[in-house]
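Report on one structure; see the data block that follows.
None of these values were measured; they are calculated from a predicted model. Values reported hereafter were calculated over all heavy atoms of this structure, with side chains retained and with hydrogens, waters and symmetry mates removed. Labels below follow one simple rule: chain letters A, B, ... track the order of the sequence lines, proteins then strands, and each chain is numbered from 1.
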Amino acid sequence: MATAPDDTAAAPAPAKQKHLYLVDGSGFIFRAYHRLPPLNNPAGTPVNAVYGFTAMLWKLIEDLHGAEEPTHLAVIFDAAKDNFRNELYADYKANRPPPPEDLLPQFPLIRDAVRAFSVPCIEMSGFEADDIIACYVAQATAAGYNVTIVSSDKDLMQLVTPHVDMLDTMKNERYGVEAVTAKWGVPPEKLGEVLALMGDSVDNVPGVPGVGPKTAAELVQQFGDVEGVLANLDQIKKPKLRENLEAHAEMARLSRVLVELKCDLDPPHTLGELVMRDPPHDPLRAFLAEQGFKSMLAKLGRESQAAEVAAQPDEPEKPFVHAEYETVITLDRLDWWLAEARARGVVAIDTETTAKDPVRCDLVGVSLALDAGLACYIPVAHVQGEGLLAEKVDQLAWQDVKEKLGPLLVDPAVLKVGQNLKYDLVVLKRHGLDLAGFDDTMLLSYALSAGKHNHGMDELSEKYLGHTPIPFKEVCGTGKSQCTFDQVPLKRATDYAAEDADVTLRLHRLFRPRLSAEQVTRTYETVDKPLLPVLADMELEGIKVDREALARLSATFGTEIAALETEVHDLAGGPFTIGSPKQLGEVLFERMQLSGGKKSGKSGQYATDVNELEKLAGQGHVIAQKVLDWRQLTKLKSTYTDALQAAINPKTGRVHTCFSMAVAQTGRLSSTDPNLQNIPIRTEIGRQIRHAFVAKPGHVILAADYNQIELRLAAHMADVPELKRAYANNEDIHALTAREVFGTEMDPQESRRRAKTVNFAILYGISAFGLANRLGLDRGEAQRIIDAYFARFPGIRNFMAETINGCRETGFVTTLFGRRTNLPLIHSKNPAERQFAERAAVNAPVQGTSADIIKRAMIRMPLALAEAGLTGVRMLLQVHDELVFEVPERDVEAATPVIRSVMESAHRPAVELSVPLGVEIGTGPSWGAAH
DNA sequence: TGCGTCACG
DNA sequence: GACGTACGTGACGCAG
């Protein structure tokens, strides 16, 4: 075979795939301008858009260096002149206002910025950036390049092909052919037809009235293009639509021409001139200095230093590079990966499934990562192709993978690292596997940074690795056209799945060493990590729900809602949407002229919340009470009686919630899909829903509540002798508070009710205004109550002050077990934000300590029950201070003291409390009956 | 998607 | 005295 001279040379590197990035500069400018407040350079010129643009371009270049390795880059601008489209249609872009005055002088500076980065800056008089981009796309594609268009302009999506994608840097989303098709319902090459039919009010492309994206897509799907639609008007069923198409046929044709991108121009730079090079620092430094961009100058300084010192091996921001990820389809290769994992002792793991719900989905594949950039994907249940493109999917059988993977998963000598491992654990358990010896990067992040940011993988990757993982929706699409992961081709699935494991492993390397250095190891190791498998079991177990009972409630609520609706409409003198706060406000305060309507500042709407409506009801306005009743019933029906029926898992007949471990800032759990931590109990009518949560045959529901745990913890933490003594003697704490604060003159019941409110207010960080509101007093009276409280219990005031001071020094507060809540806003210049952080600072240690205690109880519970021989008892739910169990009838007596003892001593031995913890236990055929 | 509302601790 | 007004959650319907 004849070889080209290059191939025989000493460095036989294969020609790198060329990849051209085209930045839609105008889009960048407007987003930068609108995102930033006014800002001037030392010369007094406004530069907010310049600054934003420079920052965005810099970030883009950095990101690209890290991930995509582009070879060519250019920024394209609109030339500030009329273009050929105005000749076709004088009103084209007529709706667009002229650029704001303080943006005008920034345009040339922005072009300077581009040049300072040594990036070509391209524009052509008479043409829009879109056309120039289209031309380069055509040229580059013909030359075998890949192309990425950096823009969020939907018109440019027309250009997407298998070799051309779009990148929206604001949303951090990439759009390939599938994503565009998913978004618009038609492939990119048909997008022009859709855009023409729907028109664009911003660009003033007329389109056809009454045709939006959905209708346009349907028409194009059916008839192929605009001409096809116009030629087949007789087939269009909807009369109004046909009429509009008929009447606006010419506008549709014109629109088609307007949205067409011109790709036969001869742009000023050749492709070769767009080649990307490392920007020399000097021109960039000069530009930044001239504009007074100090933080960027500092960053540039750091970078040149780093470059001189030669890259440190452990440089945290090293780019996210990786070899091609391997798709494992032979047992030999699987053996290699598993042996290597054993040898290294650490492996990141991630499971891919057919759905988000770990209790309903099926396992599709598993990915592993051994080292940064070294990861693989093991497909086990991808579906075979269909039709002409049928391609047999070559993959291992799950049984074989399971036999080899299983022992590794339970071998504590090999650390398994995952992100949100509870999900994987639930899936694996359903497929017959267990897990021991693991770290969860989501929980590590939560231990280190609760309060600073969220802990999802994409966000962590972005923040700590400077890398945006392939978005899930780019692999599977969204909405109606979303496919399941088992339908994704193996190459694509591998890129996505292996990357997740790779990211997880890299995050673990960053987080794990920080844990002990930052002294947050304890709750991670002794609370959250061991709780994870306990929660997995609870989620798998689920709770039985009486579907018929819910259906009956739904029906009853339905008729009552209908009746109330009629009454409300009659009282209002005509129909309106009761559920629309806007319409309701207008009906009450304008049409009906009720007094007291006040508009909220932000939305300019009348307030119609419970407080307002109760005021009106108190004044004798019947409609207000009817609306309140209507609201209560619709809430109960839609959120509970309807939704819970839909949440019943058809396979298990039970409802399986998901407990989130890294959402609440304080250490609490949260519950979703469905939320079983907010099932009604406070009103009798809502309480009926609790009665639909039932035990399976031969069992009862047992509910165990900590009695006033937060107030007890406050008494301990703030060291209030009177309160501690009262709890030790099992006294009524609210009655005590009432005596101390209000004396004995008031009616004891009313006095106790108020004292209870005051006690809650204390836990939440009191203000005279808030307390006055709750108690219906004026501020002066509320302030006197607070003063009296602090006078009687000075420990509370000291505790609050010390907690806030400590938080100011460190930026965080801690629970008795060392859990940390970060409150960066404690230093905010905005007093409202700062005070908010101060109240949270007072509350978080108390709420968080309570969360730690019940979590510790949950961790011990399974073993304690097993040791007592109570193997049939199941812990089902946690509701912050309550645990819900399903207990065989004959075990109730034996289980009760075990559960009580575990819960009441859960703080020990780590922490000793100066107040006892009290637990109240009830049982019954349903959750409602157990209280 | 953001907002208003309301369910829970 | 400015700020906005009790802490922590999740789900639903409306409207743009």
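- A donor-acceptor contact shorter than 3.5 Å links the side chain of A:S926 to the backbone of A:A929.
- Annotation: cation-pi geometry not satisfied between A:R779 and A:F769 (NZ/CZ under 6.0 angstrom from ring centroid, within 45° of ring axis).
- Residue A:T608 is in sugar-phosphate contact alone, with no base atom involved, counting any heavy-atom pair closer than 4.0 Å across all strands shown.
- Side chain A:R839 to base C:dG8: no donor-acceptor pair is found below 3.5 Å.
- Between the P atom of B:dA7 and the CD1 atom of A:I679 lies a distance of 12 Å, rounded to the nearest Å.
- Taking the P atoms as reference points, B:dT5 lies 14 Å from C:dT5, given to the whole Å.
- In this structure, A:E833 reaches neither bases nor backbone, as no heavy-atom distance under 4.0 Å exists between it and the strands shown.
- When heavy atoms are screened at a 4.0 angstrom cut-off, A:Q583 is found touching the sugar-phosphate backbone but no base atom.
- C:dT5 atom C1' lies 16 Å from atom CG of A:D778, rounded to whole Å.
- Inter-residue side-chain proximity for A:W184 and A:M157 is flagged as met; some heavy-atom pair is nearer than 4.5 Å.
- The shortest distance between side-chain heavy atoms of A:I701 and A:F885 does not fall below 4.5 Å.
- A:L669 comes within 4.0 angstrom of nothing in the nucleic acid, heavy atoms only.
- At the heavy-atom level, A:T757 lies under 4.0 Å from base atoms of the strands shown.
- Using a 4.0 Å heavy-atom criterion, one finds that A:R631 contacts the sugar-phosphate atoms exclusively.
- Atom pair A:E920:CD and B:dG9:P shows a separation of 13 Å (rounding to whole Å applied).
- Using a 4.0 Å heavy-atom distance criterion, A:S767 is classed as a base contact.
- Counting non-hydrogen atoms under 4.0 angstrom, A:N773 reaches nothing in the nucleic acid.
- In this structure, the CG atom of A:N830 is 7 Å from the P atom of C:dG4, given to the nearest Å.
- Counting non-hydrogen atoms under 4.0 angstrom, A:N678 reaches a base of the nucleic acid.
- Within the 4.0 angstrom heavy-atom criterion, only backbone atoms of the sugar-phosphate kind lie near A:V610; the bases stay farther away.
- Across all strands shown, B:dG4 is found opposite C:dC12 as a Watson-Crick or G-U wobble partner, with both distances under 3.5 Å.
- Note: CZ (A:F557) to P (C:dG13) measures 15 Å, nearest angstrom.
- Searching all strands for a Watson-Crick or G-U wobble partner of C:dC3 with both distances below 3.5 Å returns nothing.
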> How far apart are the C-alpha atoms of A:R668 and A:E710, what are their side-chain angles, what is the distance that settles it, and do they pass the salt bridge (charged side-chain N to carboxylate O under 4.0 Å, His left out) test?
Replying inline: CA-CA 13 Å; A:R668 274 191 175 182; A:E710 291 195 8; 3.4 Å; yes
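- Between A:F760 atom CZ and B:dC8 atom P the separation is 13 Å, expressed in whole Å.
- Contact check, A:Q665 against C:dT9: a side-chain N or O comes under 4.0 Å of OP1 or OP2.
- Residue A:R779 is in base contact, counting any heavy-atom pair closer than 4.0 Å across all strands shown.
- Rounded to the nearest Å, the gap between the P atom of B:dG4 and that of C:dG4 is 15 Å.
- Formation of a donor-acceptor pair under 3.5 Å by the A:Q645 side chain with backbone atoms of A:T641 is found in this model.
- One interatomic measurement links the two molecules: CD of A:E612 to P of B:dC6, which rounds to 11 Å at whole-angstrom precision.
- Counting any heavy atom pair closer than 4.0 Å across all strands shown, A:S671 reaches sugar-phosphate atoms only and no base atom.
- At a threshold of 4.0 angstrom between heavy atoms, the contacts of A:V663 are confined to the sugar-phosphate backbone, with no base atom among them.
- Considering only side-chain N and O atoms, A:T666 lies nowhere under 4.0 angstrom from the phosphate OP1 or OP2 of C:dG8.
- Here the C1' atom of nucleotide B:dT5 and the OH atom of A:Y606 are 19 Å apart, to the nearest Å.
- In this structure, A:H907 and A:L917 have side chains that are in contact, with non-hydrogen atoms separated by less than 4.5 Å.
- Residue-to-nucleotide proximity on DNA chain C shows that, of A:A840 and A:A768, the 5′-proximal contact is made by A:A768.
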